[in-house]
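Notes to accompany the following structure.
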Amino acid sequence: MSQWTDMYKQKLMTPEEAVKVVKSGDWVDYGMGTTQPILLDQALAARRDELQDVKVRMCLSVAPRQIIEQDPERKAFTAMNWHMSGYDRKKCALGQMNFIPMCYRNKPSMYRDLLDVDVALITVGPMDKHGFFNFGLAVSATEAITKKAKKVIVEVNEAMPRVLGGRGECIHISDIDGIVEYGNHPLATIPFTTGDDIDAKIAKTIVQQIPDGATLQLGIGSLPNTIGALLAESDLKDLGVHTEMLVDAFYLMYQHGQLTNRRKAFCRDKVSWAFALGTQDLYDWMDDNPFLAAYPVDVINDPFVISQMDNFISINNCIDIDLFGQVSSESAGTHQISGSGGQLDFTDGAYRSRGGKSIIALRSTFHNKKTGRDESRIIPTLAAGTTVTDPRSQVNWVATEYGIVNLMGASTWERAERLISIAHPDFREDLIKEAEKMKIWRYSNKR
Ligand SMILES: CC(=O)SCCNC(=O)CCNC(=O)[C@H](O)C(C)(C)COP(=O)(O)OP(=O)(O)OC[C@H]1O[C@@H](n2cnc3c(N)ncnc32)[C@H](O)[C@@H]1OP(=O)(O)O
Ligand SMILES: CCCC(=O)O
C-alpha cells in the first residue's frame, strides 16, 4: 500500500461528516459546471436549520442546487453565481441567487488577491498513483479556488475524465482535508445540435472569413455548432484550437482530420482549453488525451496570449447590439441571462492577433414568446439597464444572416449604416428613422 492510499483512507469520510467543517458566516465555493458537487451539496443543504449566513459561490450550474431548493428563502444560504446557466437565471429571477459580474480572465486573480474562501467543495476524478486528483472538465479557476480555501473537501466521481494539462489541472492529496466518494455517475451533458437555415447562412458567411492555418475559439450554442459542422465539411486542413470552452464542434473537426495546431505560437501541436461542456463523446475524447492541454482561465483568456497566435478567429454570440456598436451578450434590460464570461477577452485578443478577427454572430431577429412577435436584435439603443458586454470601442466584426460588417475604425454614422445593412429588412426603415432622430450624423464625418 502506498503512503497516498494510506492517507486516502484517513481522509475518507461521509458527506455528512465532511460538511461539518462549514460554520455560520462562512464563504463556501462549489466550483463550476460539472465540478460542482452533488452529495456535498445535499449534505450541506440538510444543515439549513443549524446554519446562518453561509455564502456559496458557484458558476454555470448544470444540476439543481439543493442549498437553493431546500432553502428558497435564503434563511441559511445565499447562492452567488459568476455565470448563469438556464437553471441559474430562473433562480436569479426569483431572487434566490445573486449574480457576480466578472471578466472571466480575472476570475483566478480575484480569488488569489481579493476573495475569502473558507471551504471549497469540489468534484474531482479518482486519485492517481502519485496522489493527485484531477479537476477534469473545469480547470478554469479551480486551482485558484482550492489554493485560497482554508479547507478543501473533494467529492470523487469516477466518471470525471482525467485531463492532461499545461498546468493547474489537479490537486494533491496532501492539500486536501476530506474525501467523499460518489461512485461512478454520468456527468451532465449537452447535446450537439446544429441550427436551422438561418444559423446555416450565418455560419456560411463566417466560414468564408476563416483562412487555413487559423486558430479558433467558439462559444456555446447551436450557432457555433453549425459553424463547426460547416468547417468540418470544408477543405481547411490546418486548423488550431485555443478556447475557453471546449465544445463538440472541435471534436467533429478532429474526427475530420482538420486539427493540426501546428501554427499556434502558444501550446503548439495541442488544443488548449479551460473548461468543457458537451456530449459524452467529447468527454471520452478528452480523457487521458495528450492532444489536449488544459490551462487555468487567466492563461487561456489572457488577450496577450491570444494575440500571439496569428490568424486567431474568435466567434461568439450576443443578445443585442445597438446602432453605436455596443454589444450585450448577457442581459435583457436588468434581467441577467448569462454573464460576460470571456467574450471581451477574446474580442480584444483576436483583434490584436496578426490576421485575426473577432466575430460577434447573431440572428437578426429574436422571437419574443411573451409578445408573440419577432424583434430586431439590432436596435437603436440598448434598453435601460442592459449590460454592455463589449464596449463599442472593442467591437470588431459583426455577422448576421444578411452579411458581415466591420465596425473597428468606423465613425458613429458608418457604424449605424453598416449595422442597418445587416439588420432584417423588415426593420431597416425604422432603424434609419431612429438613427436620424438620434442625429448620429452629428458625430460623424459622413454629412
Ligand atoms: C459559454 C460561452 O459562451 S463561452 C464563449 C465566451 N463567452 C460568452 O460569449 C458569454 C456571453 N454569451 C452567452 O452567454 C451566450 O452566448 C448567449 C446567451 C448570448 C447565447 O447563448 P444561447 O445558449 O445560444 O442562447 P439562447 O438563444 O438559448 O438564449 C438564452 C436566453 O436568452 C433569451 N434571449 C435571447 N435573446 C434575447 C433577446 N434579444 N431579448 C431577450 N431575451 C433574449 C432567451 O429567451 C433565453 O432565455 P430562456 O432560456 O430563459 O428562455
Ligand atoms: C464561465 C464563463 C463562460 C463564458 O465565457 O461564457
Side-chain angles (χ1 to χ4, degrees), residues 31-33 35-36 57-62 81-94 99-108 137-142 190-191 193-196 198-199 202 216-227 243-247 249 273-278 297 300-301 306 314-322 327-350 358-371 373-379 382-383 385-390:
M32 99 180 263
T35 62
Q36 288 196 38
R57 289 193 199 95
M58 57 187 73
C59 185
L60 201 63
S61 310
V62 290
N81 198 307
W82 294 104
H83 193 95
M84 304 276 169
S85 63
Y87 170 83
D88 297 323
R89 67 175 158 268
K90 286 190 189 81
K91 295 296 162 188
C92 192
L94 289 169
F99 176 70
I100 325 169
M102 75 159 170
C103 199
Y104 198 17
R105 68 170 178 266
N106 295 334
K107 196 174 175 189
L137 300 182
V139 171
S140 182
T142 313
I190 46 172
T193 48
T194 49
D196 58 10
I198 296 180
D199 279 356
I202 304 172
L216 304 173
Q217 176 262 334
L218 292 173
I220 194 169
S222 64
L223 181 58
N225 287 351
T226 311
I227 292 165
T243 189
E244 63 171 75
M245 181 171 175
L246 194 63
V247 293
W273 62 281
F275 81 101
L277 206 48
V297 71
I300 293 292
N301 282 31
I306 298 164
S314 118
I315 302 159
N316 289 296
N317 228 209
C318 78
I319 303 281
D320 288 322
I321 180 166
D322 73 14
V327 170
S328 177
S329 308
E330 61 188 279
S331 84
T334 54
H335 171 57
Q336 189 70 40
I337 290 173
S338 57
S340 309
Q343 188 167 112
L344 185 56
D345 305 336
F346 279 91
T347 298
D348 184 15
S358 108
I359 303 172
I360 299 294
L362 68 157
R363 296 165 72 96
S364 67
T365 58
F366 166 67
H367 183 70
N368 188 329
K369 285 187 208 138
K370 282 189 204 138
T371 61
R373 290 213 300 266
D374 286 342
E375 295 168 359
S376 180
R377 286 179 191 267
I378 297 176
I379 49 183
L382 294 180
T386 293
T387 303
V388 175
T389 307
D390 308 315

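This chain uses plain numbering: 1 for the first residue, then up along the sequence. Note that ligands are numbered from 1 as they come in the structure, with each ligand's atoms numbered from 1 the same way.
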Considering all heavy atoms of both residues, which atom of M32 and which atom of S140 are nearest to each other, and what is their separation? SD-OG, 3.3 Å
Under 4.0 Å to a heavy atom of S338 - the qualifying atoms of ligand 1, by number: 13 (C), 14 (O), 18 (C)
Side-chain (D320) to main-chain (S328) donor-acceptor, under 3.5 angstrom: no
Hey, which atoms in ligand 1 end up nearer than 4.0 Å to a heavy atom of E244? 4 (S), 6 (C)
Closer than 4.0 angstrom: is that true for some heavy atom of Q217 and an atom of ligand 1? yes
Within the structure, is a non-hydrogen atom of M245 found at a distance of less than 4.0 Å from ligand 1? yes
With a 3.5 Å cut-off and no angle check, do the side chains of E330 and T387 form a donor-acceptor pair? no
For residues Q343 and N317, is any side-chain donor paired with an opposing acceptor at under 3.5 Å? no
Which pairs of nitrogen or oxygen atoms, taken one from ligand 2 and one from the protein, are under 3.5 angstrom apart?
residue, atom, partner, partner atom, Å
ligand 2, 5 (O), E244, OE1, 3.4
ligand 2, 5 (O), E244, OE2, 2.3
ligand 2, 5 (O), G342, N, 2.8
ligand 2, 6 (O), H83, NE2, 3.2

Would you say S340 contacts ligand 1, with heavy atoms under 4.0 Å as the rule? yes
State whether a side-chain donor-acceptor pair under 3.5 Å links S85 with D88. yes
Numbered atoms and elements of ligand 1 in range of I220, under 4.0 angstrom, heavy atoms: 1 (C), 2 (C), 3 (O), 16 (O)
Flag: protein heavy atom within less than 4.0 Å of atom 47 (O) of ligand 1: yes
Below 4.0 angstrom, counting only protein heavy atoms, does anything approach atom 14 (O) of ligand 1? yes
Is there a donor-acceptor pair closer than 3.5 Å between any side-chain N or O of S358 and the backbone N or O of A350? no
Closer than 4.0 Å to some heavy atom of A332 - which atoms of ligand 1 meet that? 41 (C)
For G339, state whether at least one heavy atom is located under 4.0 Å from any atom of ligand 1. yes
For ligand 1, is there an atom lying under 4.0 Å from some heavy atom of G342? yes
Heavy atom of the protein closest to atom 5 (C) of ligand 1 (residue, atom name, distance): N316 OD1, 3.1 Å
Is at least one protein non-hydrogen atom found at under 4.0 angstrom from atom 7 (N) of ligand 1? yes
At under 4.0 Å between heavy atoms, which part of N368 makes contact with ligand 1: side chain, backbone, both or neither? neither
Nearest protein heavy atom to atom 33 (C) of ligand 1, by residue and atom, and its distance? I337 CD1, 3.8 Å
Is any NZ, NE, NH1 or NH2 atom of the basic residue among D348 and R105 found under 4.0 Å from an Asp or Glu carboxylate oxygen of the other? no
May I ask you to check whether Q343 has an N/O atom sitting below 3.5 Å from an N/O atom of ligand 1? yes
